[in-house]
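To start, I am sharing the structure in question, which I have written as structure tokens.
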Amino acid sequence: MKGKMYIGGKWIAADSWFETRNPSDNKIIARFPAGTEKHVDMAVNAARRSFRSWSVMPPPKRGLILQKIAGNLRKDKQRLGKILASEMGKVLPEALGDVQEAIDIFEYMAGEGRRLFGHTTTSELKDKFCMTVRRPVGVVGLITPWNFPIAIPAWKLAPALICGNTVVFKPSSDTPLCAYELVRILVKSGVPSGVVNFVTGPASSVGKRIVTHPGIDGLSFTGSKETGEWIARNAGLKKVGLELGGKNPIIVMDDADLELAVEGILWGAFGTTGQRCTAASRVLVQSGIRKRLVARLAKAANSMNLGSPLLKTTDVGPLINKKAAEKTAMYVDIGKKEGAKIVCGGKGSGNFFRPTIFENVRPEMRIAREEIFGPVLSIIEFKKPEDAIGIANSVEYGLSSSIYTKSISSAFRAIEGIEAGITYVNSSTIGSEVHLPFGGVKKTGHTREAGITGIEEFSYLKTVYVDYSGKLQKAQIDE
Ligand code: UN1
């Protein structure tokens with residue numbers, strides 16, 4: 001199968017192609033055009049030309065198109081789920097969840113078309129009215145990762161579109177097929193020509209040009225910290241949204257419900273093969289429950305089945321590609337050299353890697369600080385409750401976090417003390433819902449996506465003063 005780019009309402013190819021493969025068996029699934037700077041320029045021009053007509057369309061009308069997108073995604077959910085599982089490698093129930101997250105955000109944002117609230121307020125002067133209204137940022141560049149190849153583009157497209165922006169969208173080169181299928185649904189649902197432009201190709205040409213393009217007003221990127229830092233240095237004065245890495249802790253207190261904690265840890269650490277920025281990669285466990293917890297985790301992790309994401313018997317799918325498998329293996333070596341003890345896993349084959357748990361991990365070890373983005377969990381022991389918060393905060397990231405406890409005060413201490421954008425109580429670190437803000441602090445970036453904050457990311461507030469006094473009134477000067 002040969003995919004296409006979509007620019008100015010036309011499906012187009014480029015001079016050369018790249019391949020997208022099934023990470024389970026490395027077979028080629030499709031070929032996509034290797035776009036260039038020239039294609040980005042064409043896409044920006046098309047987005048610019050379509051901006052006026054799209055941005056003046058009443059938002060509830062744009063909302064109707066978003067509703068159609070949600071409906072068409074729902075009709076196609078099973079087919080899309082299978083494509084997603086094959087191209088990205090997450091197990092089918094999770095792949096269907098990825099599509100569902102896209103449906104949810106399009107539905108939520110369709111409703112925003114009838115809100116897009118600003119504020120009204122008072123004036124210090126008579127016969128004067130003050131308010132704020134929301135305006136679109138302009139042409140926005142969306143650069144998305146492979147780990148949520150339909151949901152994350154949707155998280156960005158839905159708010160961008162409802163706010164009246166036009167879009168240049170570059171998907172990860174590991175999952176262009178999922179993105180292509182999403183764009184086809186957008187087109188089928190009535191998104192007008194030029195409003196969404198889809199450019200596939202390498203980060204070094206397409207991505208760079210989007211980040212530095214003078215005709216782009218806003219950027220939204222989800223991906224690695226390194227790329228995020230590069231974007232922050234090179235985007236100039238664009239409105240930039242960054243969603244970067246995580247090293248998310250689960251704190252397990254002595255009084256935790258052990259069964260519940262075990263389930264949540266396995267789900268957070270090994271769901272999506274550990275390839276979520278919200279993945280639980282550290283467990284901070286209190287001394288009294290440590291032995292029992294580790295034994296239970298090791299037993300359960302050892303019995304997890306690796307295999308094709310399409311099989312019902314599979315618990316853990318492959319990593320996205322060879323590089324990711326090598327990176328995971330490298331960190332396992334680093335962990336061993338640092339003196340941590342492997343309690344299960346530690347091995348891989350092809351792009352598959354067994355769920356791996358290290359114990360005797362100290363907070364200063366690299367495996368406890370750096371984002372591995374694979375199925376590797378570090379277990380760190382603590383004694384006093386207050387030590388847990390300190391260890392949780394000892395990394396440079398701050399995306400998600402969790403605490404398992406029966407004590408209300410321990411839960412609230414964690415909510416207050418952990419430096420992270422998200423804290424779960426008695427639940428894992430993954431599984432955000434689209435109507436709540438999603439994002440982090442520290443080197444995760446400070447953007448909030450989804451929910452009402454998705455609207456904030458893709459709009460600006462214009463302050464409006466209406467003076468109906470019929471005379472020049474001077475703020476701060478007139479009595
Ligand atoms: C990500 O890994 O980049 O909360 C996003 C979650 C998902 C989104 C993860 N809803 O785990």
Side-chain angles (χ1 to χ4, degrees), residues 73 81 84 88-91 93-109 142-159 171-172 174-175 178-179 182 220-228 231 241-250 263-282 316-317 319-320 324 371-377 397-402 420-425 427-441 443-451 453-454 457:
L73 281 168
L84 200 155
M88 183 274 158
K90 65 176 75 173
V91 292
E94 287 189 37
L96 292 169
D98 195 312
V99 181
Q100 186 59 47
E101 207 164 332
I103 297 169
D104 294 346
I105 193 83
F106 275 107
E107 266 179 357
Y108 176 89
M109 290 298 169
L142 311 182
I143 304 180
T144 58
W146 46 264
N147 69 334
F148 277 81
I150 294 190
I152 292 183
W155 276 15
K156 300 186 192 300
L157 282 161
S172 160
D174 280 305
T175 50
C178 288
L182 177 61
S220 181
F221 169 77
T222 299
S224 73
K225 183 190 72 171
E226 289 69 29
T227 306
I231 292 173
L242 297 173
E243 203 68 78
L244 311 175
K247 193 72 190 176
N248 312 293
I250 293 184
E263 257 190 299
I265 292 166
L266 294 169
W267 173 229
F270 306 129
T272 329
T273 322
Q275 303 171 108
R276 294 199 194 204
C277 50
T278 49
S281 47
R282 297 183 292 154
V316 182
L319 289 155
I320 185 68
E371 187 179 48
I372 301 173
F373 228 63
V376 181
L377 176 67
Y397 296 108
L399 180 53
S400 189
S401 58
S402 146
I422 306 167
T423 297
Y424 289 89
V425 177
S427 182
S428 194
T429 53
I430 66 177
S432 62
E433 301 179 31
V434 303
H435 55 299
L436 282 101
F438 179 91
V441 294
K443 293 211 168 141
T444 297
H446 298 267
T447 308
R448 289 292 174 277
E449 292 193 281
T453 48
E457 184 180 5

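In listed order, ligands and their atoms are each counted from 1.
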(request) State the atoms of ligand 1, each with its element, that fall below the 4.0 Å cut-off from a heavy-atom position in Arg276. (result)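 Heavy-atom distances to Arg276 below 4.0 Å select 2 (O), 6 (C), 7 (C), 11 (O).
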(request) Could you see which bit of Glu243 sits under 4.0 Å from ligand 1, with heavy atoms only: side chain, backbone, both or neither? (result)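 Neither; no heavy atom under 4.0 Å.
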(message) Assess, by modelled atom type and distance only, whether the side chains of Thr423 and Ser401 contain a donor and an acceptor separated by less than 3.5 Å.
(response)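 A pair is found: one side chain offers a donor N or O, the other an acceptor, under 3.5 Å apart.
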(request) Could you tell me the residue and atom name of the protein heavy atom closest to atom 6 (C) of ligand 1, and the distance to it rounded to 0.1 Å? (result)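 Atom 6 (C) of ligand 1 sits closest to the protein heavy atom Gly431 N, 3.2 Å.
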(message) Does ligand 1 come near enough to Thr429 that some N or O of the ligand is less than 3.5 Å from an N or O of the residue?
(response)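 No - when backbone and side-chain N and O of Thr429 are compared with those of ligand 1, no distance drops under 3.5 Å.
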(message) Nearest 0.5 Å, please: how far is NZ in Lys443 from NZ in Lys247?
(response)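 Output value for this atom pair is 15.5 Å.
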(message) Distance under 4.0 Å to a non-hydrogen atom of Ile152: what atoms of ligand 1 satisfy this?
(response)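 Those of ligand 1 that fall under 4.0 Å from Ile152 are 3 (O).
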(message) If you apply the rule side-chain hydrogen bond (donor to acceptor under 3.5 Å, both in side chains), what do you find for Thr272 with Glu94, and how did you get there?
(response) CA-CA 7 Å; Thr272 329; Glu94 287 189 37; 2.6 Å; yes
(request) For Asn147, counting its heavy atoms only, list the atoms of ligand 1 lying under 4.0 Å from any of them. (result)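 Once the distances to Asn147 are compared, the set is 1 (C), 2 (O), 3 (O).
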(request) Would you check the N or O atoms of Glu101, main chain and side chain alike, for any that come under 3.5 Å of an N or O of ligand 1? (result)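 Among all N and O atoms of Glu101, at least one is under 3.5 Å from an N or O of ligand 1.
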(request) List the closest protein heavy-atom neighbour of atom 1 (C) of ligand 1: residue, atom name, distance to the nearest 0.1 Å. (result)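 Going atom by atom, the protein heavy atom closest to atom 1 (C) of ligand 1 ends up being Cys277 SG, 2.9 Å.
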(request) Note the single closest protein heavy atom to atom 8 (C) of ligand 1, along with its residue, its atom name and the distance in Å. (result)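 Here the nearest protein heavy atom works out to Trp155 CH2, 3.8 Å.
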(message) Students should be able to answer this: which protein heavy-atom is nearest to atom 4 (O) of ligand 1, and at what distance?
(response)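 The answer is Ser432 N, 2.7 Å.
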(request) Answer yes or no for Lys90 and Phe148: cation-pi contact, defined as NZ/CZ to six-membered ring centre under 6.0 Å and angle to ring axis within 45°. (result)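 Judged by the rule (NZ or CZ under 6.0 Å from the ring centre, within 45° of its axis), Lys90 counts as positioned above Phe148.
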(request) State whether the shortest distance between N or O atoms of Thr278 and N or O atoms of ligand 1 falls below 3.5 angstrom. (result)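 There is such a contact, yes.
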(request) Examine distances only and state if a side-chain atom of Glu449 and a backbone atom of Trp155 form a donor-acceptor pair shorter than 3.5 Å. (result)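 No, the answer is negative, given that no donor and acceptor are paired below the 3.5 Å cut-off.
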(message) Which residue and atom name correspond to the protein heavy atom nearest atom 9 (C) of ligand 1, and how close is it?
(response)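 Among all protein heavy atoms, the one nearest atom 9 (C) of ligand 1 is Phe148 CE1, 3.6 Å.
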(request) Mind telling me whether His435 and Tyr108 have parallel, tilted or perpendicular rings, with 30° and 60° as the class edges? (result)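 It falls in the tilted class, 30° to 60°.
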(request) Measure from the side-chain N and O atoms of Ser400 to the backbone N and O of Thr278, and report whether any donor-acceptor pair falls under 3.5 Å. (result)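 Side chain of Ser400 to backbone of Thr278: no pair is present.
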(request) Check whether any side-chain N or O of Ser172 sits under 3.5 Å from a backbone N or O of Pro145 as a donor-acceptor pair, and report yes or no. (result)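 The answer is no, because no donor-acceptor pair under 3.5 Å joins these two groups.
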